[in-house]
Structure formats: C-alpha cells, structure tokens
Enquirer: 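My questions will all concern the structure given below.
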Amino acid sequence: MQNVVADIVADVRQALQDVYSVPCAMEDVTVETPPDITIGDFAVPCFSFASLYKMAPAQIAHDLAAHLCEHSTVGVWEAVGPYVNVRLHPEVLFASALRPLRPASPTGRQIMVEYLSPNTNKPLHVGHVRNGVIGMAVAALSAFVGDDVVRAEVINDRGVHICKSMLAWQRWGGGATPATTGQKGDHFVGDYYVRFAQEAVKDPSLADAAQEMLKKWEDGDAEVRALWRMMNTWVEEGFRETFAQYGFVFDREYYESEVYQRGKDIVEEGVARGVLVREDSGAVVFPLDATVFGVQKDGSAKKATLLRADGTALYATQDLALAAQKSADYPGLDASVFVVGEEQEYHFQTMFALFRAMGFSWATQCYHLSYAMVNLPTGKMKSREGTVVDADDLLADVTETVAADLRKRHGDACDDAEIARRAHIMAHAAIVFFLVKTNPKTSITFDVRTSVAMEGVTGPYVQYAYTRAKSVLRKGQARGAVASQDSLARLGAVDAERVVAQQLIMLPVTIARAASVHDPSLVAHAAFQLAQTFHSYYNSTPILTDDPDVTAARLALAEAVAEALRTVLALLTIDVLEEM
RNA sequence: GUCCUUGUAGCUCAGUGGAUAGAGCGUUUGGUUGCGGUCCAAAAGGUCGUAGGUUCAACUCCUACCAAGGACACCA
C-alpha cells in the first residue's frame with residue numbers, strides 16, 4: 001500500500017469528478033494536518049476548488065464529505081466549514097505510518113554540491129562547520145530523492161594569504177613543525193597567520209614581502225614551492241582530522257593551485273568565442289546584461305573582470321576554470337549547488353551568467369545556497385584577530401562536558417572508550433543540530449554557553465527519543481513481546497498515537513520539500529517534532545501492556561518512529577545511540 | 001545611490017494566502033525515575049517593524065517607509 005496521502009488525493013479527485021463531472025488537477029488537491037487531531041487525521045482545504053467549480057468552498061466541502069463517506073474506503077469524512085476532514089480507519093492510518101522511510105528510486109539526474117572550500121592558512125571555525133553541515137545535508141537530501149550526487153570541495157591552497165603564514169613561519173618559526181610542537185597542523189600554520197597580522201601592524205613592509213613571495217610562487221621558485229607544499233600538507237592533514245570528526249565527506253577535491261593556470265586558457269577561449277572582451281588596458285571582462293544587473297552610476301554597462309590588465313588571474317578566473325574542469329570531469333552533470341556565504345551572492349550571479357554564456361550543460365541549473373554568517377555575541381569572527389570559535393576546540397569542549405555528565409550518570413556501567421564514543425556522538429549532534437535547525441538565510445549568534453544545549457530543540461533531544469524507543473523494544477523482547485503489524489486495528493484509540501502516525505506519514509512530504517528548496521532546517525524541525533510527539537506519547541501511554549496484540553502493535557509503531565528518526569538524523573549527518 | 005536578505009513572545013527561532021499565530025529557552029506550578037527525567041503536563045507571556053493596498057480571506061502577496069546585515073568589475 002502506498003502512502004495514504006496519495007490515496008486521500010486520489011479519493012478527493014474522484015469525488016470531485018463524480019459530483020461535479022469536471023476533473024481537477026492533482027496539484028490542486030493539498031493534504032494538510034488539522035490544527036487538532038480531534039478534528040481529524042488529515043484535512044483537505046476546498047478553497048482552490050471554488051473558482052474551478054464556481055461554488056462556495058463550504059458547499060464543496062459539504063458535497064465532498066457526503067460523497068466520500070459513501071465511496072471512500074480510507075476513513076470517515078466530515079465537512080467543517082471550507083475543509084473536508086478525514087478520520088482514517090486505524091488499519092489504514094497505521095499501515096501507512098509503518099511504511100519504512102526509504103530513498104526514492106534514481107531520477108537519473110546528476111547534481112554537484114560544492115561546499116566548505118577552506119583556505120589552507122588557518123584552521124576551521126564554527127562558520128565553516130555551518131557551511132559543512134548545510135552542504136552535507138543538502139547533498140544527502142538530493143541523494144534521498146534519487147539524484148546522483150557529487151560532493152565537491154575546492155581547496156583554496158594558493159594566494160597571498162597563504163604566503164603570509166609561510167613568511168611568518170620563515171621569519172619566526174625557528175624550524176618548528178607540528179611534530180616538534182605536538183600541534184595539529186592547521187592550528188600550527190594558523191598561528192603563523194595570526195602572527196603575521198600582528199607583526200604587519202608594526203612593520204608595513206611585510207605586506208610587500210608577502211606579495212613578493214606570491215610572485216616567486218607563481219614563477220615556480222623551487223624554495224618557495226617546497227615550503228608551500230610542506231605547510232599545505234600540514235594544514236590538510238589537520239583538515240582531514242576535523243572533517244572526520246564532523247563527518248564531512250567529499251567525493252571530489254579540487255585544488256585551486258591546479259586549476260588556476262588553466263583559467264587563462266579558458267579566458268582566451270571565451271575571448272575567441274566573443275563571450276569575453278579584451279579591453280584596451282589588456283584586462284579581459286565579461287559584459288553583464290543590463291536588464292539583470294543594471295548599469296553603473298555613470299550609465300555605462302556593468303562588467304566582471306576575468307583577467308587583470310597585467311594578465312594575472314583573479315578569483316573569477318579560477319571559478320571559470322573550475323567550472324570548465326567540472327564539465328570535463330562530469331559530462332552528464334545536470335545541476336550544481338554552491339554552498340557559499342551570502343557575501344558572495346553578487347559574485348555568483350555574475351558567474352552563473354558567465355557559465356550560461358559559455359554554454360556549460362549544467363549552467364541553467366545553478367543554485368547559490370547562500371547562508372548567513374555565524375557571529376559571536378561580541379560581533380563578527382575575525383581569524384586574523386583570533387576572535388573565532390575554533391571547530392576542533394568547540395567539539396572537544398562540548399564532548400568533554402557531555403562525557404563528564406555521562407560518567408556521573410553511568411558511573412561504572414560504562415568503560416572510558418564507550419563514554420568517549422557516546423560523548424562524541426552526542427556533542428556532534430548538539431553542535432550540528434544547532435547549526436542546521438535555523439534557516440540558512442538567518443544569521444546565527446553563537447554563544448558557546450547557551451547555543452550548544454542538550455535540552456529542548458536539540459540533537460540530543462531527538463537522539464533520546466530514538467534511544468527510548470529502542471529501549472522499550474529491548475525491554476519488550478526480554479518479556480517475549482515483539483513488534484507486529486497483525487493488530488494495527490487495535491491502535492488509534494489514543495489520540496497521541498494518531499499524532500505519531502500523522503507525523504510519520506508527513507515525513508516524506510517534508511523531506512521532498514526540503515530537497516526541492518535546498519533547506520535542511522525543514523528536516524531538522526520535522527525530526528524534532530516527531531521526537532516531541534513520541535516523547536509525549538511515551539509519557540501518556542504505556543507501550544508494554546497486558547494485551548499482547550496492543551503491545552505488539554505499539555511496539556511496531558515505536559520501531560517505526562525509531563527507524564524514521566535514525567533515517568532523518570542521518571540526512572543531517574547525525575548518528576543515533578542505542579543507549580545514551 | 002541601487003540591489004539582495006532579515007524584522008513574529010523577555011531571548012533563540014518555526015509558520016506551503018485559509019481553522020484559535022506555534023515551539024524551545026527563561027519564569028511560575030505539578031509529575032520524581034514507572035517502558036531510562038537529556039523527559040512529560042500546565043500557566044503566564046503577541047499592536048506578527050510602521051503605514052497603505054490587493055483579496056471572500058494577509059504573518060504570508062504588492063507599494064512606500066523604518067531598522068539590522070550583506071553586495072555593487074582588475075579582493076577572496
């Protein structure tokens with residue numbers, strides 16, 4: 001049996017056809033949940049039918065309810081004002097709720113999700129983590145609805161900012177390495193980046209020295225290149241550790257240093273094809289469509305520069321080269337999502353226009369998933385000034401807090417390794433859930449003391465619902481009670497039970513919507529809501545009862561909730577725990 | 001100056017034009033380990049930034065304004 005929402009839509013369309021002899025489009029029938037379960041399990045608003053049938057919504061609802069009560073087999077229908085509400089037969093409601101939540105069959109569409117893309121001059125901070133969790137979740141959502149997803153990372157491993165840490169290390173490093181200091185590589189290098197900023201305030205000539213080093217790097221100076229390779233390796237090793245800790249995975253990694261040279265060739269190709277224009281100064285620009293981008297203050301056309309007058313490459317040059325490389329690597333690519341901060345919205349608009357002009361197959365399906373900043377109560381995070389919440393420190397701190405609590409709670413029942421494992425999974429859940437539960441467009445003020453909570457709308461709260469369900473299932477098994485779908489008709493007398501089912505049924509609808517609008521926060525909210533509903537049900541209704549049929553059915557419901565929570569949390573890169 | 005985003009309870013945030021605007025935190029009160037309390041139940045708390053408009057119906061759409069953040073070619 002398919003999801004009952006589809007059955008409701010089908011029955012309503014059939015009823016409209018039968019009663020008014022005029023068909024109605026599938027998308028005109030929406031199924032929603034009534035404000036209160038006592039009104040019904042699901043509701044169909046009749047407003048959209050009014051214009052089609054030239055009748056008042058309430059009249060249509062009345063006619064529909066009368067007809068559906070006779071002809072629909074899913075439940076009992078009732079018109080309330082402009083709504084038709086249905087109270088489903090228990091076996092229909094719960095059979096639908098117990099259908100496992102599974103990924104859709106392949107769509108044949110290939111989509112790239114590019115996210116995180118760090119600079120190799122400093123460690124990752126909580127802003128990067130927000131980018132990472134959004135990227136991972138968006139990729140997982142696309143995969144869940146059947147797309148072939150490529151998770152891509154661009155490592156920004158060249159540029160003057162990289163040279164700054166290199167220069168600082170040369171001057172003040174004294175030959176120290178991550179190995180000799182016992183420091184994580186990215187932190188080690190990041191300290192020199194901060195050091196450079198401090199010294200540059202006192203000695204302005206340092207900025208020139210960094211530029212000079214960049215020139216040497218571009219000329220292929222052996223010594224500079226060797227230093228660059230060594231320090232980048234340190235940073236990357238550090239990043240890899242952080243990625244593993246947070247669960248960030250990439251199917252393809254691009255290095256800026258590898259693509260940036262090819263950028264100039266692509267630019268020449270663009271000039272030859274007339275897409276790009278070489279100006280008198282020698283700079284190459286992309287003229288922007290005035291109807292989309294407007295004009296400059298002086299009335300002249302806007303443009304984006306792809307190559308400086310002196311022939312050197314820009315950020316945009318690399319983006320173009322990267323786009324060409326992606327097209328070469330994935331000839332069947334249909335769409336591309338870029339998870340990048342909101343400050344780059346204009347840049348991506350111009351790039352997307354350029355990609356279309358260059359004729360990349362996926363260019364018409366580009367989406368800049370722009371997310372707002374993570375700020376601190378004291379203001380913006382600034383790496384150069386060291387005012388950041390470091391990704392590694394954050395996870396370590398929260399993990400330690402959770403571990404201390406677990407030790408108190410479980411004492412001797414758990415060994416240290418198990419405590420550490422659980423603490424990591426819970427701390428990770430708390431951080432990730434906090435960052436993903438807010439709409440990406442909303443800027444977050446991150447206060448370590450209050451943001452990473454364990455109660456309320458949090459990852460651990462949702463995890464706990466899973467753990468509770470699994471615990472009851474274990475306890476039931478010990479008593480010889482096993483989940484079974486044989487007596488589903490025995491469920492539904494308790495309203496809380498119906499709400500649980502209702503939420504389970506709506507879950508795939510929410511996931512599909514979240515995937516289509518690239519918004520993982522919708523999934524986080526659905527997960528929380530299901531957990532909350534289950535907690536409430538759990539407290540109000542005994543699952544293990546004296547009646548074996550009722551117990552078996554309730555266990556089946558609990559199992560479905562647990563599995564649904566596990567699946568949905570996995571979309572957010574969050575793990576569950578059998579015990580916590 | 002132009003464009004984009006945001007503005008909902010003390011705080012942090014939900015809210016596909018439609019039923020009584022919802023959660024969490026905090027506050028007050030009750031449940032005190034029962035199927036594990038990182039839980040549940042209840043109370044208090046709202047001119048949905050302001051003013052117009054469209055609509056049978058506006059937190060939702062449109063216009064203007066106010067406030068915050070961001071962007072506006074040779075930075076990334």
Side-chain angles (χ1 to χ4, degrees), chain A residues 30 32 34-36 39 43 45-48 50 56-57 80-83 85 119 156 159-161 279 281-288 293-297 302-319 341-347 349-350 370 372-373 375 380 402 405-406 409 426 430 434 437-439 441-445 447 450-451 453-465 467-469 471-476 479 481 509 513 517 521-522 524-525 528-529 531-532 535-545 551 554-555 558 579-580:
Chain A
T30 56
E32 49 190 50
D36 192 304
I39 297 171
C46 297
F47 305 102
S48 62
V80 178
Y83 294 88
N85 301 318
N119 294 321
N156 297 302
V160 71
H161 51 295
E279 300 195 317
S281 66
V284 177
V285 302
F286 174 55
L288 297 171
F293 293 94
V295 292
Q296 299 202 72
K297 285 165 203 149
K302 282 196 171 184
K303 49 202 175 184
T305 302
L306 271 299
L307 216 53
R308 285 194 190 92
D310 66 3
T312 57
L314 287 145
Y315 182 51
T317 323
Q318 290 152 27
D319 271 3
E342 64 180 0
E343 69 278 6
Q344 294 197 32
E345 257 163 32
Y346 180 81
H347 169 75
Q349 272 179 39
T350 62
S370 91
M373 297 205 178
N375 296 317
K380 280 193 191 178
V402 175
D405 194 51
L406 286 175
R409 196 181 297 269
M426 290 170 66
F434 174 78
K437 74 178 177 182
T438 301
N439 182 308
K441 290 242 179 286
T442 306
S443 57
I444 293 176
T445 301
D447 183 342
T450 58
S451 295
M454 298 287 156
E455 296 160 13
V457 187
T458 66
Y461 174 94
V462 181
Q463 287 177 318
Y464 186 52
T467 301
R468 270 185 147 177
S471 176
V472 185
L473 285 159
R474 277 196 307 274
K475 194 80 65 170
R479 298 185 195 173
V509 179
R513 201 174 131 234
V517 300
S521 71
L522 299 176
H525 281 282
F528 169 75
Q529 210 174 20
Q532 188 181 43
H535 279 308
S536 174
Y537 171 58
Y538 177 97
N539 270 39
S540 70
T541 314
I543 292 170
L544 302 176
T545 68
T551 302
R554 287 182 177 166
L555 283 172
E579 297 174 70
M580 60 188 273

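Within every chain, numbering begins at 1; the chains are lettered A, B, ... in the order of the sequence lines, protein sequences first and strands thereafter. What's counted below: heavy atoms across the whole structure, side chains too, no hydrogens, waters or symmetry copies.
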Enquirer: Search all heavy atoms of A:Tyr461 against all heavy atoms of A:Gln532 and return the closest pair with its distance.
Expert: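 So the minimum-distance heavy-atom pair works out to OH-CA, 3.0 Å.
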Enquirer: Considering only atom P, compute the distance from B:rU60 to B:rG7 and round it to an integer number of Å.
Expert: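 Result for the P pair: 11 Å, nearest Å.
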Enquirer: Could you tell me whether the side chain of A:Thr445 and the main chain of A:Asn375 form a donor-acceptor pair under 3.5 Å?
Expert: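 A pair under 3.5 Å: no.
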Enquirer: If you look at every heavy atom in A:Leu288 and A:Phe293, which pair is closest and at what distance?
Expert: CB-CD1, 3.7 Å
Enquirer: Considering only the C1' atoms, how many Å lie between B:rG1 and B:rA44, rounded to the nearest integer?
Expert: 48 Å
Enquirer: Work out how far the P atom of B:rA43 is from that of B:rG22, and round it to whole angstrom.
Expert: 13 Å
Enquirer: Base, backbone or nothing for each nucleotide of nucleotides 53-59 of chain B, written B, S, -, heavy atoms under 4.0 angstrom, 5' to 3'?
Expert: -------
Enquirer: What is the distance, to the nearest angstrom, from the CG atom on A:Asp405 to the C1' atom on B:rG37?
Expert: 12 Å
Enquirer: Is it the case that the side chain of A:Arg308 and the backbone of A:Ala313 share a donor-acceptor pair, with hydrogens and angles ignored and the cut-off at 3.5 Å?
Expert: yes
Enquirer: Please report, rounded to the nearest Å, how far the P atom of B:rU38 is from the CE atom of A:Met426.
Expert: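 After rounding, the gap between these two atoms is 9 Å.
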Enquirer: A:Glu32 has an atom CD; how far is it from atom P of B:rG15, in whole Å?
Expert: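 Taking atom P of B:rG15 as the reference, CD of A:Glu32 is at 15 Å.
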Enquirer: Name all residues meeting the salt bridge (charged side-chain N to carboxylate O under 4.0 Å, His left out) criterion together with A:Lys437; count only those two or more places apart in sequence or in a different chain, and write none if there are none.
Expert: none
Enquirer: In whole angstrom, give the distance that lies between atom OH of A:Tyr461 and atom P of B:rG37.
Expert: 13 Å
Enquirer: In whole angstrom, give me the gap between the C1' atoms of B:rG70 and B:rG31.
Expert: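 The answer is 49 Å between these two C1' atoms.
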Enquirer: What string of B, S and - do you get for nucleotides 20-28 of chain B, 5' to 3', if B is base contact, S is sugar-phosphate-only contact and - is no contact with any protein heavy atom under 4.0 Å?
Expert: ---SS----
Enquirer: If you check every side-chain atom of A:Asn85, which of B:rA19, B:rU38, B:rC39 has the closest atom?
Expert: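 Nearest listed nucleotide: B:rA19.
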Enquirer: Give A:Pro82 one of three labels, base, sugar-phosphate or nothing, depending on what nucleic acid heavy atoms sit under 4.0 Å from its own.
Expert: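 Touches nothing.
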Enquirer: Partners of A:Val295 by side-chain contact (heavy atoms from CB on, under 4.5 Å), sequence neighbours excluded?
Expert: A:Ala290
Enquirer: Going by salt bridge (charged side-chain N to carboxylate O under 4.0 Å, His left out), name the residues that satisfy it together with A:Glu579, two or more places apart in sequence or in a different chain.
Expert: none
Enquirer: Please report the closest heavy-atom contact between A:Val285 and A:Thr305, naming both atoms and the distance.
Expert: CG1-OG1, 4.0 Å
Enquirer: I want to check one thing: is the phosphate of B:rA41, taken as OP1 and OP2, less than 4.0 Å away from some side-chain N or O of A:Ser536?
Expert: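 Yes, such a contact exists.
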Enquirer: Does the protein touch nucleotides 69-76 of chain B at the base, only the backbone, or not at all? Give it as B, S and - per nucleotide, heavy atoms under 4.0 Å.
Expert: SSSSBBSB
Enquirer: Under a 3.5 Å threshold, yes or no: a donor from one side chain and an acceptor from the other, between A:Thr438 and A:Ser521?
Expert: no
Enquirer: Using the C1' atom as the reference point in each nucleotide, state the distance between B:rA21 and B:rU8 in Å, no decimals.
Expert: 8 Å
Enquirer: Quick check: closest heavy atoms across A:Pro542 and A:Ser540, and the distance to 0.1 Å?
Expert: CD-O, 4.1 Å
Enquirer: Would you kindly give the CE-to-C1' distance between A:Met454 and B:rC39, to the nearest whole Å?
Expert: 16 Å
Enquirer: Under 4.0 Å between any heavy atoms, over every strand shown, what does A:Ala43 touch: base, sugar-phosphate, or nothing? Just pick one.
Expert: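 Base contact.
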Enquirer: Given A:His347, which partner from the list A:Glu345, A:Gln344, A:Glu343, A:Gln349 fulfils the side chain to side chain contact (heavy atoms under 4.5 Å, CB included) test?
Expert: A:Gln344
Enquirer: For B:rU12 and B:rU6, measure between their C1' atoms and round to the nearest Å.
Expert: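 Per the computed distance, 15 Å lies between those C1' atoms.
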Enquirer: Could you list, one pair per line, each protein nitrogen or oxygen that sits under 3.5 Å from a nitrogen or oxygen of nucleotides 66-68 of chain B, together with the distance?
Expert:
none

Enquirer: If we take the P atom in both B:rU47 and B:rC59, what is their distance in whole Å?
Expert: 14 Å
Enquirer: Partners of A:Tyr537 by side-chain hydrogen bond (donor to acceptor under 3.5 Å, both in side chains), sequence neighbours excluded?
Expert: A:Glu497
Enquirer: Heavy atoms only, 4.0 Å cut-off, all strands: where does A:Leu555 land among base, sugar-phosphate and nothing?
Expert: nothing
Enquirer: So does A:Thr467 get a backbone contact from the side chain of A:Ser471, meaning a donor-acceptor N/O pair under 3.5 Å?
Expert: no
Enquirer: Given 3.5 Å as the limit, does a donor-acceptor pair link the side chain of A:Thr317 with the main chain of A:Leu306, or not?
Expert: yes
Enquirer: Given that both distances must come in under 3.5 Å, which nucleotide forms a Watson-Crick or G-U wobble pair with B:rA67?
Expert: B:rU6
Enquirer: Rounded to whole angstrom, note down the P distance from B:rU63 over to B:rC4.
Expert: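 Their P atoms lie roughly 9 Å apart.
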Enquirer: Rounded to whole angstroms, how far apart are CD on A:Gln463 and P on B:rC39?
Expert: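 Atom CD in A:Gln463 sits about 12 Å away from atom P in B:rC39.
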Enquirer: Tell me what A:Thr467 touches on the nucleic acid: a base, only sugar-phosphate, or nothing, going by heavy atoms under 4.0 Å.
Expert: base
Enquirer: Mind checking salt bridge (charged side-chain N to carboxylate O under 4.0 Å, His left out) for A:Arg513 and listing every partner two or more places apart, or none if nothing turns up?
Expert: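 None.
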Enquirer: Apply salt bridge (charged side-chain N to carboxylate O under 4.0 Å, His left out) to A:Arg468 and list each qualifying residue two or more places apart in sequence or on a separate chain.
Expert: none
Enquirer: Tell me every residue that passes ring pair (Phe, Tyr, Trp, His ring centres under 6.0 Å) with A:Tyr464, counting only those two or more places apart in sequence or in another chain.
Expert: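 Testing A:Tyr464 for ring pair (Phe, Tyr, Trp, His ring centres under 6.0 Å), a comparison that skips the adjacent residues, returns A:His535.
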Enquirer: So what does A:Arg513 touch, heavy atoms closer than 4.0 Å: a base, only the sugar-phosphate, or nothing?
Expert: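 Touches sugar-phosphate only.
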Enquirer: Would you mind reading off the distance between A:Arg474 atom CZ and B:rG36 atom C1', rounded to a whole angstrom?
Expert: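 Taking atom C1' of B:rG36 as the reference, CZ of A:Arg474 is at 9 Å.
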Enquirer: Both distances below 3.5 Å, Watson-Crick or wobble geometry, any strand: find the nucleotide opposite B:rU27.
Expert: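 B:rA43 is the nucleotide pairing with B:rU27.
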Enquirer: Quick one, give me the B/S/- string for nucleotides 29-35 of chain B, reading 5' to 3', where B means a protein heavy atom under 4.0 Å from the base and S means that only happens at the primed atoms, P, OP1 or OP2.
Expert: --B---B
Enquirer: If every non-hydrogen atom of A:Thr350 is compared with every non-hydrogen atom of A:Phe286, which pair is closest and at what distance?
Expert: O-CE2, 3.9 Å
